[in-house]
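All chains are named by letter (A, B, ...) in the order of the sequence lines, taking the proteins before the strands, and each is independently numbered beginning at 1. The basis for the numbers below is simple: all heavy atoms, side chains too, and nothing from hydrogens, waters or symmetry mates. It should be emphasised that the depicted structure is a prediction, and the values quoted were computed from it without experimental measurement.
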Number of protein chains: 2
Amino acid sequence: MAEARPERADAARNRRAILRATEELLARHRPDQISMEQIAAAAGVGKGTVFHRFGSRMGLMVELMRERAYALEDAVTTGPPPLGPGAPPEERLMAFLDAIVDVVGRNKGLLAALGHAATAAPRPAREQGEHRDEAGGEHPLHRFWHGHISALITARRPDLDGELLAHILLGSIQSEPVLRLLERGETSRLAASLRAVAAGVLAAPASGDPPGTSA
Amino acid sequence: MAEARPERADAARNRRAILRATEELLARHRPDQISMEQIAAAAGVGKGTVFHRFGSRMGLMVELMRERAYALEDAVTTGPPPLGPGAPPEERLMAFLDAIVDVVGRNKGLLAALGHAATAAPRPAREQGEHRDEAGGEHPLHRFWHGHISALITARRPDLDGELLAHILLGSIQSEPVLRLLERGETSRLAASLRAVAAGVLAAPASGDPPGTSA
DNA sequence: CATCCAACTTGACCTACGGTCCACTTTATC
DNA sequence: GATAAAGTGGACCGTAGGTCAAGTTGGATG
């Protein structure tokens, strides 16, 4: 796992240039309007270089997203409450939802691109041994987010289907209409409603039909 | 709006053949694996015919979805309670959510295709004057679903952001992980959790932070 | 039933994009 | 400065959505 020859100077420079260029383009154009060739051109490198470094469109987007969400992941696992460990589950959940909305809000274009990119990826190709791709195809960020939300819900309400509820909560942020809302800057509006949903779920009176009723 | 020359017999036959073929393919393959050419071949027509009738991949998918969801729309607007008018908002909402899960569950592939298709559509082209496309690009079905949910939530809880909550509720059903769940047949599991969310929202104790706290 | 025209059909064709390949250049090491 | 591993670029490939001009056909009309 230790990498003796981590990366050549020019390679590092190019990688950053590509990432930067992607950010730039993502900020100015609809994600499905941005071709890999454009990105390469904007970064001042050849298309081959982009694919060499990131493997595929999806790889690029995931890498970019990972970079952006790293701080959040860190804050959650090792940071201070309420985001980090220590606070009660509800508080952590609320804080985490706020944080996610924030991240997503500042990365709408990227999120959309991630969604589109999922379309592609015919063959994962070689890639350095760093890419862990699961069966589904969901990107790593989602995995962490989902795991965290799921755990928090289950901690507070073991009787609920935390796993699914986490997907529901997360899925709602990814939908196009919501993304468009974020685009218009109504971040806090989203955060407020998401909190309302989460609060409602955690406070739910255990009503409804009992699980197991269905196939 | 009255169409004197509605459609020629052969055209109607072909349209149905195309729709049928699409259903068939959608049932057997991943949506992004199905090309328009395949559809045309399966329907026994030329590719040009498909585009002539539906304008684009998106157009085809929307048409198919509209056909499928028509019954639901009808049941909601003119049918008996609890889906139709007459029952209290909560009951109608629950019934509607169940119904939507059902429709979505029986049309996962189509939903996914709709999502992918959104990628395309560079120029809406001519099209018969029947397509109303809004600024965003969301398909008509969503409009109706969203409007209904939104109205029901607002009816019961005018203090909440029904419009956004409806998007959240709907968005959650569209996300890939949830779609995959449906694929595995866990329809009722989804329905149960969705009900829980909706119930939680409607019963919410108006807590949380007052709107306007953020920016 | 013959005529006619607009609607319809078709498949070759165009364009664009994701991804691959490999000959060539650069970096870092000794 | 020689060398080999790492990196680079851009021509190239296959595929798929969408277009179009030329030909075909349904059906209304007299």
Side chain of B:K47, heavy atoms from C-beta onward: which of D:dG18, D:dG7, D:dC12 has the nearest atom to it?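 So the side chain of B:K47 is nearest to D:dG18.
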With no hydrogens and no angle check, is any side-chain donor or acceptor of [X] less than 3.5 Å from a backbone partner on [Y]?
X      : Y      : value
A:H146 : A:L170 : no
B:R156 : B:P89  : no
B:R92  : B:L83  : yes

Should the pair A:E24-A:R20 be classified as a salt bridge under the 4.0 Å nitrogen-to-oxygen rule?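 Salt bridge between A:E24 and A:R20, a charged N being under 4.0 Å from a carboxylate O: no.
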Note: B:E7-B:R15 ion pair, threshold 4.0 Å (strictly below):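 Yes, this pair counts.
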Return whichever of B:G46 or A:D10 has its heavy-atom-nearest nucleotide of DNA chain C closer to the 5' end.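 Going by which nucleotide is closer to the 5' end, it is B:G46.
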Protein-nucleotide distance ([X], atom [atom1]; [N], atom [atom2]), rounded to Å:
X     : N      : atom1 : atom2 : value
A:Q33 : C:dA16 : CD    : C1'   : 12 Å
A:E7  : D:dA6  : CD    : C1'   : 10 Å
A:L60 : C:dG19 : CG    : C1'   : 13 Å
A:F54 : D:dG7  : CZ    : P     : 12 Å
A:D32 : D:dG17 : CG    : P     : 15 Å
B:R15 : C:dA7  : CZ    : P     : 16 Å
B:F51 : C:dT9  : CZ    : P     : 15 Å
A:R57 : D:dT15 : CZ    : C1'   : 16 Å

At less than 4.0 Å, is any side-chain N or O atom of [X] found next to OP1 or OP2 of [N]? Yes or no.
X     : N     : result
B:R8  : C:dA7 : no
A:T49 : D:dG7 : no
B:N14 : C:dT9 : yes
B:R53 : C:dT9 : yes

Give the residues of residues 35-43 of chain B touching DNA chain D, defined as any heavy atom closer than 4.0 Å, sorted by residue number.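 DNA chain D contact set from residues 35-43 of chain B: B:S35, B:M36.
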Check side chain to side chain donor-acceptor pair (under 3.5 Å) between A:E23 and all other residues, then give those that pass, not counting sequence neighbours.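 A:E23 satisfies side chain to side chain donor-acceptor pair (under 3.5 Å) with A:R68 once adjacent residues are dropped.
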Salt bridge (Lys or Arg N to Asp or Glu O under 4.0 Å) against A:K108, all qualifying residues, sequence neighbours excluded: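 None.
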